[in-house]
Enquirer: 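A single structure is presented below for examination.
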Amino acid sequence: MIHRRLFLGLAAGAAAILSLGTAHAQEPLPVVASFSILGDMTSRIGGDHVAVTTLVGPGGDAHVFEPTPADARALGRAKLLVTNGLQFEGWLPRLVATSGFTGETAVAATGVTPIAFSEEEHEGHHDHDHDHAGHDHGPNDPHAWQDLANGQIYARNIVEALKAADPANAGDYEANGATYIAEMKALDTQIRAELDDVPAEARKVVTSHDAFGYFGKAYGIAFIAPNGVSTEAEASAADVARIIDQIRDEKIRAVFVETISDPRLVERIAAETGAEIGGSLFSDSLSAPDGPAPTYLDMFRHNAGELAKALKTS
């Protein structure tokens, strides 16, 4: 009887240890994403295996973001940091340095062919100083996620980073990434079909924030903005006057408010030119869960739909 009790006790102890180890192994990987679009991508690929903290949340402006002590604590606990790169998060190096972060960093835009600001200016964007209040974006436009082909590159980079940080769940990350990328490809085809019957001469819109260079290049739309790439910039009187003249000369009928920008500038331009405000576009941030763009794919559907509707009726 003693031996049987001893055996049962040892078996129960082993089961408890095994259960504890399994529970520990199933704890989600703590990941920090720099802004809401990357947070959504990482959550979609990681699924239940990750716990994602997003620094610049839905509706936030990454250009003027100021990290808090809570952000530093979250980053200090993370095993993986997902960033955009292309000098988009000018505030991030200092946060990393102060947080004690010792995990791995995934730069989602790695492998993207960047659009140089000089190229955008040549294609219809005017000249800007891209160093705003000490926030230098460098020579290239950082908004590379605004092309679904680049979104696929982002997804592949996130898949590889998650696999490296959590090899036990690599198969799930691969499968989730493959499904996600297939959805991006299907949506890209859908958007091209939606915009296909918009005449070339009508493919011009004015936006409040110069963040759609990649979208414009991918889908053949000229985006004209009085502001530079950063929402910290303020358009000069000469910039506004030039935009107004261009709208009148080229008979541009569609003007859009970008969700993280002050709408008053676009409203003024619309009032002075008779152009209609076509709605809101999402550039650097997703909407709240109950809004029109709670995910990266929803953002593309919304933006493309708003643009197609305005350009087909303008």
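If you're wondering where the values come from, they're calculated on a predicted model, not measured in any experiment.
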Enquirer: Classify the angle between the aromatic ring planes of Y219 and F215 as parallel (below 30°), tilted (30 to 60°) or perpendicular (above 60°).
Expert: tilted
Enquirer: Minimum heavy-atom separation for T105 to F101, with atom names?
Expert: OG1-CE2, 3.6 Å
Enquirer: Rounded to the nearest 0.5 Å, what separation is found between the CG atom of L92 and the CG atom of L81?
Expert: 5.5 Å
Enquirer: Could D147 and K217 be called an ion pair, given the rule that one side-chain N must be under 4.0 Å from one carboxylate O?
Expert: no
Enquirer: Main chain of N84, side chain of E89: is a donor-acceptor contact present, judged purely on distance under 3.5 Å?
Expert: yes
Enquirer: Given the rule in the side chain to side chain contact (heavy atoms under 4.5 Å, CB included) test, do Y154 and I181 qualify, once you have shown the distances and angles that lead to the verdict?
Expert: CA-CA 10 Å; Y154 278 44; I181 288 170; over 6 Å; no
Enquirer: Between E183 and R44, does a salt bridge (charged side-chain N to carboxylate O under 4.0 Å, His left out) hold up when you go through it step by step?
Expert: CA-CA 12 Å; E183 291 179 18; R44 173 64 194 273; 2.7 Å; yes
Enquirer: When you compare the side chain of I224 with that of V205, does any pair of heavy atoms fall below 4.5 Å?
Expert: no
Enquirer: Working to the nearest 0.5 Å, report the span between CG of D284 and OG of S36.
Expert: 8.5 Å
Enquirer: Quick one: do N169 and Y173 satisfy side chain to side chain contact (heavy atoms under 4.5 Å, CB included)? Show the steps, please.
Expert: CA-CA 7 Å; N169 294 304; Y173 299 140; 3.9 Å; yes
Enquirer: Give a yes or no on whether a salt bridge exists between R192 and D188, defined as a side-chain N under 4.0 angstrom from a carboxylate O.
Expert: yes
Enquirer: Do R203 side-chain atoms and V198 backbone N/O form a donor-acceptor pair below 3.5 Å?
Expert: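 Checked: pair present.
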Enquirer: So, for T54 and G39, which heavy atoms are closest and what is the spacing to 0.1 Å?
Expert: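 Reported closest heavy-atom pair: OG1-CA, 3.6 Å.
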Enquirer: Could you measure the distance from the CG atom of L195 to the CG atom of L311? Nearest 0.5 Å is fine.
Expert: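 Taking CG in L195 and CG in L311, the distance rounds to 7.5 Å.
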Enquirer: Is a donor on one side and an acceptor on the other found under 3.5 Å between the side chain of R73 and the backbone of S99?
Expert: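 No, the answer is negative, given that no donor and acceptor are paired below the 3.5 Å cut-off.
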Enquirer: Do you know which two heavy atoms are closest between I37 and Y296, and how far apart they sit?
Expert: CG2-CD1, 3.6 Å
Enquirer: Between E174 and K163, does at least one N-O distance fall below 4.0 Å, as a salt bridge requires?
Expert: yes
Enquirer: Does the D71 side chain pair with the main chain of T68, one donor and one acceptor, at a distance under 3.5 Å?
Expert: yes
Enquirer: Less than 4.5 Å apart, side chain to side chain, heavy atoms only: is that true for P292 and S287?
Expert: yes
Enquirer: Using a strict 4.0 Å threshold on nitrogen-to-oxygen distance, state whether D298 and R301 make a salt bridge.
Expert: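 Counted as a salt bridge, because a side-chain N and a carboxylate O are separated by less than 4.0 Å.
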Enquirer: Tell me whether the centres of the aromatic rings in F300 and W145 are closer together than 6.0 Å.
Expert: no
Enquirer: Could you state the interatomic distance from CG (L75) to OG1 (T98), rounded to the nearest 0.5 Å?
Expert: 8.0 Å
Enquirer: Side chains of L80 and V32, heavy atoms from C-beta outward: is any pair under 4.5 Å?
Expert: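 In short, these two side chains do not touch, never coming nearer than 4.5 Å.
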Enquirer: Within the supplied structure, the quantity of interest is the number of heavy atoms (other residues, nucleotides, ligands) at a distance under 6.0 Å from D197 CG; does it exceed 12?
Expert: yes
Enquirer: Are any non-hydrogen side-chain atoms of S285 and F35 less than 4.5 angstrom apart?
Expert: no
Enquirer: Quick one: pull up CG in L297 and CG in L148 and give me the separation to the nearest 0.5 Å.
Expert: 7.0 Å
Enquirer: Which is it for D166 and H49 under the side chain to side chain contact (heavy atoms under 4.5 Å, CB included) test, yes or no, and what are the steps along the way?
Expert: CA-CA 9 Å; D166 181 21; H49 300 310; 4.2 Å; yes
Enquirer: In terms of relative ring orientation, are H143 and H63 parallel, tilted or perpendicular, with 30° and 60° separating the classes?
Expert: tilted
Enquirer: Between V52 and S43, is there a side-chain heavy-atom distance shorter than 4.5 Å?
Expert: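 Of all side-chain heavy-atom pairs linking V52 with S43, at least one is under 4.5 Å.
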Enquirer: Can you tell if the side chain of R77 reaches within under 4.5 Å of the side chain of P30, non-hydrogen atoms only?
Expert: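 When only atoms from C-beta onward are counted, P30 and R77 do not touch, as no gap falls below 4.5 Å.
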Enquirer: Looking only at heavy atoms, which two atoms of N303 and Q146 are closest? And how far apart?
Expert: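 Closest pair (atom of N303, atom of Q146, distance): ND2-OE1, 4.3 Å.
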Enquirer: Between V112 and V107, is there a shared hydrophobic cluster once you connect ILVMFWY residues whose side-chain heavy atoms come closer than 4.5 Å?
Expert: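 No, V112 and V107 fall in different hydrophobic clusters.
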Enquirer: Taking atom CD as the centre, does Q190 end up with more than 12 heavy-atom neighbours from other residues, nucleotides or ligands that are less than 6.0 angstrom away?
Expert: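 For Q190, atom CD is crowded (more than 12 foreign heavy atoms under 6.0 Å).
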Enquirer: Go through the steps for I158 and V82 under the test side chain to side chain contact (heavy atoms under 4.5 Å, CB included), then give the verdict.
Expert: CA-CA 8 Å; I158 293 170; V82 182; 4.1 Å; yes
Enquirer: Do L281 and E306 touch side chain to side chain, with heavy atoms closer than 4.5 Å?
Expert: yes
Enquirer: Which pair of heavy atoms, one from A308 and one from E194, lies closest together, and at what distance?
Expert: CB-CG, 3.8 Å
Enquirer: For I115, does its backbone N or O pair with a side-chain atom of Y214 as donor and acceptor, under 3.5 Å?
Expert: yes
Enquirer: Identify the heavy atoms of L95 and P67 that sit nearest to each other, and give their distance.
Expert: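 Shortest heavy-atom contact: CD1-CB, 3.9 Å.
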Enquirer: Roughly how far, to the nearest 0.5 Å, is the CZ atom of R156 from the CD atom of E160?
Expert: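 Going from CD on E160 over to CZ on R156, the span is 10.0 Å.
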Enquirer: Do the non-hydrogen side-chain atoms of S34 and W91 ever get within less than 4.5 Å of each other?
Expert: yes
